[in-house]
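Here's the structure we're looking at; comments come further down.
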Amino acid sequence: MLLMSARLDALVAQAGWGSRRTVGKLIRSAAVTVDGVICRDRARQVMETSAIAVHGRALATIPRVVLVHKSAGYSCSRDRREAPLVFDLLPEIWRSMEPAGRLDRFTTGLLIFSRDGSLLHRLIHPKRHLPKRYRVGYDGRMADDAIQRCAEGFLLEGDERPTLPAQLSLDGPGQATLILHEGRFHQVKRMCAALGAQVTSLHRDRIGALDLPGDLPIGACRPASDADIEALLTIPEEDS
Ligand code: URA
């Protein structure tokens, strides 16, 4: 895990307790604890995941994994010229986290952030075949053999290898569900286009065995529980 340390006064100031100067006074007055012990040294290097409290109130720390319900219009880039960015959906103190893969600007749904490099790797590495489920709205007509072609895998223009077997179901006029086990550039859009359909809306509602939580409104984020993380890394039996 990529753990970083920072000065205690910087972390407390970042969490909204005032300027570095104000925070320095707070620390000297014994109002701040680090992992339960009073710390009067404002320059102390503290791990960002340490439990810091001010007047007994826990300071926000960086969780291992954060779940975000991405809104349409947000870019997964760090380039400010592309704002609004998905990082704007996170509290400032969490913005050093990285997203596990990317969703296009117009795509909504479940996006995972973490600073744990090995966990990010497990979420996005194609060899893990972790399923991601997309609800697709489309215009046009899917080819008659679309389900079979997805199941067998097919070559997308410009790619060197055929797609991994994917599960397509046609849910009603202009509505489909596609479960992918890899994450190529614009993959859903490109696969649908090759099958005769233009994607008009795209929503990711499951990664591994973790459904987008029903209590996570669009645009909101929250730390993942241990159960969420376990579900995220689990391949559901029906998708294996
Ligand atoms: N495939 C796409 O085309 N877009 C996304 O955002 C995700 C998967």
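Note that ligands are numbered from 1 as they come in the structure, with each ligand's atoms numbered from 1 the same way.
- Listed here is the closest heavy atom pair of Glu82 and Ser75: OE1-OG, 3.1 Å.
- Of the N or O atoms in Lys189, one or more lie within a sub-3.5 Å distance of an N or O in ligand 1.
- In this model, a donor atom of one side chain and an acceptor atom of the other lie less than 3.5 Å apart for Ser96 and Arg115.
- Atoms of ligand 1 lying under 4.0 Å from at least one heavy atom of Thr107, given by number and element, are 4 (N), 5 (C), 6 (O).
- Checked by atom type, the side-chain pair Asp171/Thr177 shows a donor-acceptor distance below 3.5 Å.
- Atom 7 (C) of ligand 1 has its closest protein heavy atom at Tyr134 CE2, 3.6 Å.
- Proximity of Leu202 to ligand 1, defined as any heavy-atom pair under 4.0 Å, is confined to the side chain (atoms from C-beta onward).
- Close contacts of ligand 1 with Leu103, meaning ligand atoms under 4.0 Å from a residue heavy atom, involve 6 (O), 7 (C).
- Looking only at protein heavy atoms, the nearest one to atom 1 (N) of ligand 1 is Val188 N, 3.0 Å.
- Minimum interatomic distance between Ser201 and Phe106 (heavy atoms only, all atoms of both residues): CA-CE1, 3.8 Å.
- For the residue pair Ile112 and Leu232, the shortest heavy atom distance occurs at CD1-CD2, 3.8 Å.
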Full working for salt bridge (Lys or Arg N to Asp or Glu O under 4.0 Å) between Arg80 and Asp88: CA-CA 10 Å; Arg80 265 283 139 220; Asp88 299 332; 2.6 Å; yes
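- In terms of polar-atom proximity, Arg190 is not counted as a contact of ligand 1, lacking any N or O under 3.5 Å from an N or O of the ligand.
- Summarising the geometry of Gly73 relative to Pro84, their closest heavy-atom pair is O-CG, 3.5 Å, with the distance given to 0.1 Å.
- By the 4.0 Å heavy-atom criterion, Phe185 is excluded from the residues contacting ligand 1.
- For atom 4 (N) of ligand 1, the nearest non-hydrogen atom of the protein is Asp104 OD2, 2.7 Å.
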